[in-house]
Visitor: 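I am attaching a structure below and will ask some questions about it afterwards.
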Number of protein chains: 2
Amino acid sequence: MSDVAKAAGVARVTVSRVLSEPDSVAPATRAAVQKAIARLGYVPNLNAGTLASSRSRIVGAIVPTLSNAWFADTMDGLAKVLAKTGYQLLLGQTAYETEAEEKLVDAFIGRRVDALVLTGTSHSKGVRTKLRKAGIPTIECWDLCDDPIDMVVGFSNEAAGEAVAAHLLARGCRRFGFLGADEDRARKRLQGYREAIARSGAGSVVVQSATPPSSIDDGAAGLARLLESEPGLQAVFCSNDTLALGALLECRRRAIAVPRDLAVVGFSDLPVAAACVPPLTTVRIDSRGLGERIGTLLEHRLGRDAPEGARVHDVGFSLAIRDSA
Amino acid sequence: MSDVAKAAGVARVTVSRVLSEPDSVAPATRAAVQKAIARLGYVPNLNAGTLASSRSRIVGAIVPTLSNAWFADTMDGLAKVLAKTGYQLLLGQTAYETEAEEKLVDAFIGRRVDALVLTGTSHSKGVRTKLRKAGIPTIECWDLCDDPIDMVVGFSNEAAGEAVAAHLLARGCRRFGFLGADEDRARKRLQGYREAIARSGAGSVVVQSATPPSSIDDGAAGLARLLESEPGLQAVFCSNDTLALGALLECRRRAIAVPRDLAVVGFSDLPVAAACVPPLTTVRIDSRGLGERIGTLLEHRLGRDAPEGARVHDVGFSLAIRDSA
DNA sequence: GTGAAAGCGCTAACAG
DNA sequence: CTGTTAGCGCTTTCAC
């Protein structure tokens with residue numbers, strides 16, 4: 001930077017200003033500086049900037065895994081929006097191990113990320129206190145709760161479970177199954193599903209859980225086990241579309257007619273859900289839109305004013321009713 | 001850090017050493033420092049460390065988009081391996097826009113990433129020179145070439161295209177189609193495919209391209225157009241599984257028997273490829289393994305020794321022959 | 001095994 | 001609109 005300053009015949013601050021607030025510099029000076037920058041191929045050291053200003057223009061995000069298309073899509077949407085305002089995405093994966101989260105949070109705080117995005121709303125006490133103490137804008141996502149660490153943007157997993165139950169109940173199903181990944185949000189879906197069924201007084205639920213990340217094979221195997229414990233199963237709600245695809249596959253193998261003999265419902269509405277046979281009835285979540293919403297919210301929050309808007313943002317869900325249920 | 005040093009009755013350097021090279025500090029001193037760190041809840045500022053040492057423990061990666069499962073899987077594998085050695089992943093997306101890459105590279109160099117991962121082997125001159133000048137370990141991936149910027153790990157897209165052609169030719173197909181995303185690697189697959197068919201002297205190829213990122217609908221629409229220009233089409237090679245899934249869907253709609261009336265081949269072997277109807281014949285790429293391999297290579301390269309191994313790493317591909325071709 | 005001094009390259013705050 | 005003066009919080013020498 002000193003070299004650039006010297007070449008342009010100005011002070012270092014001026015170079016700094018041309019880079020961060022070009023409008024605050026006289027056009028002629030600015031042009032000279034920009035010319036020097038180009039000529040010398042100068043690339044500013046952003047770490048030094050971060051150290052001096054304690055603003056990194058980096059947003060950290062923690063997801064269980066990128067290999068679930070729904071989280072990948074959320075990150076895609078988020079990164080895309082952030083890029084527009086010059087922010088970058090630092091990514092962390094927990095692989096569904098809760099202890100991993102706290103370490104990642106430490107590392108992110110250590111890097112002075114300007115904001116943090118977490119998946120889900122259940123976090124260790126350490127995570128909550130560290131984040132509150134650090135005062136970093138934080139967004140929890142893919143779920144909803146009343147007392148977010150800072151902000152939460154997502155939808156009610158319980159309500160989604162209820163909506164699925166209501167649909168299945170209306171179709172006349174009475175013997176229910178749930179095939180779910182063993183993780184927090186899937187459990188909430190089960191809770192809503194189970195309670196709605198219990199309230200109706202009209203059925204029982206057998207449950208089979210699978211270790212995340214979910215695979216199509218897990219779905220097939222899970223359905224097989226469900227069928228063992230409840231041969232008269234009439235409907236199965238899978239906590240994600242991957243498991244549902246596996247269940248559908250197993251039905252085909254066993255010549256179980258879907259939805260006549262067994263209704264199958266998924267979750268998240270992956271692109272393939274509409275393309276498989278039979279087309280899968282599922283809970284539609286706009287994963288990419290969720291990420292974009294998070295990005296927009298952050299953009300707003302990190303702006304000059306920081307207006308502290310609503311803490312809870314419900315982006316909702318809908319039922320994509322197709323042929324499988 | 002000063003606080004910790006004071007609390008432990010040592011100098012700041014000692015705290016620094018406990019953090020970076022614990023073994024170089026006497027056990028008793030180390031314990032005292034660690035206690036102070038825990039008691040004060042001290043989180044080191046990694047940016048300051050980066051500034052002083054010019055090592056960031058961050059690896060930058062640029063992909064076209066995360067919403068293609070194959071790239072997401074590669075990033076998943078990469079991030080997982082890097083995390084083990086305390087590295088983090090800074091992610092950039094180009095959305096298939098070539099100009100975006102250079103800006104991202106600048107930003108990454110500005111952050112002093114310890115290494116950079118790029119998708120593909122065709123990059124602007126600016127990117128190549130900047131990277132060479134910066135001397136950052138760089139890995140290009142998802143393709144192969146003879147003169148990588150630094151290292152390349154992937155497979156030959158041309159060879160994959162040839163292998164598909166050979167398989168289809170052996171099945172007796174003579175009227176070929178190619179349905180491909182409009183991007184570099186897909187074009188290479190087409191090239192290999194086309195040349196192998198030409199060499200056999202046994203057929204023609206009609207081509208239809210789609211704007212990335214690919215969708216199932218693009219695949220369906222693309223096949224429809226291909227069928228218009230060549231009603232006697234016997235085989236179609238799709239540059240990715242998403243397009244192939246769409247093609248399969250369109251076949252079902254039109255009651256075209258696959259593979260009897262039309263053979264369909266995909267690329268990358270997504271989990272659904274084995275689960276759809278009919279199961280999709282495709283080129284299998286171990287996307288996650290690719291990312292892991294990159295991670296391992298980087299880990300090695302960034303280690304104390306930096307042994308400068310091979311520059312070109314061919315991870316290969318294989319044909320997953322199922323029912324669709 | 002431990003410490004003192006000297007920056008890393010930038011931005012903040014204040015002058016002018 | 002531009003410059004001066006101080007750091008930001010670490011790690012690197014090099015002594016001891």
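Labels below follow one simple rule: chain letters A, B, ... track the order of the sequence lines, proteins then strands, and each chain is numbered from 1. Keep in mind that what you see is a predicted model, and the values were worked out from it rather than measured.
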Visitor: State which residues pass salt bridge (Lys or Arg N to Asp or Glu O under 4.0 Å) with Asp150(A); sequence neighbours excluded, sorted by chain then number.
Guide: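 Asp150(A) satisfies salt bridge (Lys or Arg N to Asp or Glu O under 4.0 Å) with Arg301(A) only.
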Visitor: Can you list, pair by pair, the side-chain donor-acceptor contacts under 3.5 Å of residues 25-41 of chain B, counting residues two or more places apart and other chains?
Guide:
from, atom 1, to, atom 2, distance (Å)
Thr29(B), OG1, Ala26(B), O, 3.4
Arg30(B), NE, Pro22(B), O, 3.1
Arg30(B), NH2, Val25(B), O, 3.2

Visitor: Using heavy-atom distances to pick each residue's nearest nucleotide on DNA chain D, tell me which of Ser24(A) and Arg112(A) is more 5'.
Guide: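 Closest to the 5' end, via its nearest nucleotide, is Ser24(A).
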Visitor: What pairs with Phe71(A) under ring-ring contact (aromatic ring centres under 6.0 Å, His included), at least two apart in sequence or on another chain?
Guide: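 Only Trp142(A) meet the ring-ring contact (aromatic ring centres under 6.0 Å, His included) criterion with Phe71(A).
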Visitor: For Glu299(A), which residues count as a side chain to side chain donor-acceptor pair (under 3.5 Å) partner, sequence neighbours excluded?
Guide: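 In terms of side chain to side chain donor-acceptor pair (under 3.5 Å), with neighbours along the sequence ignored, Glu299(A) is linked to no residue.
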Visitor: How would you list, by chain and number, every residue that makes a side chain to side chain contact (heavy atoms under 4.5 Å, CB included) with Asp147(A), sequence neighbours excluded?
Guide: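 Asp147(A) satisfies side chain to side chain contact (heavy atoms under 4.5 Å, CB included) with Arg128(A), Cys145(A) once adjacent residues are dropped.
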Visitor: Short of 4.0 Å, heavy atom to strand atom, which residues of residues 32-44 of chain B count as contacting DNA chain C?
Guide: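 Per residue number, the list is empty: none.
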Visitor: Got a sec, which residues hit side chain to side chain contact (heavy atoms under 4.5 Å, CB included) with Leu51(B), two or more places apart in sequence or on another chain?
Guide: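 Listed in chain order: Asn45(A), Ala48(A), Leu51(A).
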Visitor: Glu183(A): what forms a salt bridge (Lys or Arg N to Asp or Glu O under 4.0 Å) with it, not counting sequence neighbours?
Guide: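 Partners of Glu183(A) by the salt bridge (Lys or Arg N to Asp or Glu O under 4.0 Å) criterion, ordered by chain and then number, come out as Arg185(A).
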Visitor: Can you establish whether the number of heavy atoms outside Arg55(A) located under 6.0 Å from its atom CZ is more than 12?
Guide: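 Open: at most 12 neighbouring heavy atoms sit under 6.0 Å from CZ of Arg55(A).
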Visitor: Please list, chain by chain and in numerical order, all residues satisfying salt bridge (Lys or Arg N to Asp or Glu O under 4.0 Å) with Lys188(A), sequence neighbours excluded.
Guide: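 Here the qualifying residues are Asp143(A).
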Visitor: On DNA chain C, nearest-nucleotide positions of Arg55(A) versus Asn47(A): which is more 5'?
Guide: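 So the residue in question is Asn47(A).
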Visitor: Generate the contact string for nucleotides 3-8 of chain C. Rules: B means base contact, S means sugar-phosphate contact only, - means no protein heavy atom under 4.0 Å.
Guide: BB--BB
Visitor: Contact boundaries of DNA chain D with chain B (under 4.0 Å, heavy atoms), 5' to 3'?
Guide: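 It runs dG9(D) to dT12(D).
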Visitor: Applying side chain to side chain donor-acceptor pair (under 3.5 Å) as the test, list every pair that has at least one member in residues 82-94 of chain A; sequence neighbours left out.
Guide: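 As it turns out, the side chain to side chain donor-acceptor pair (under 3.5 Å) pairs with a partner in residues 82-94 of chain A, which skip direct neighbours, are Gln88(A)-Arg111(B).
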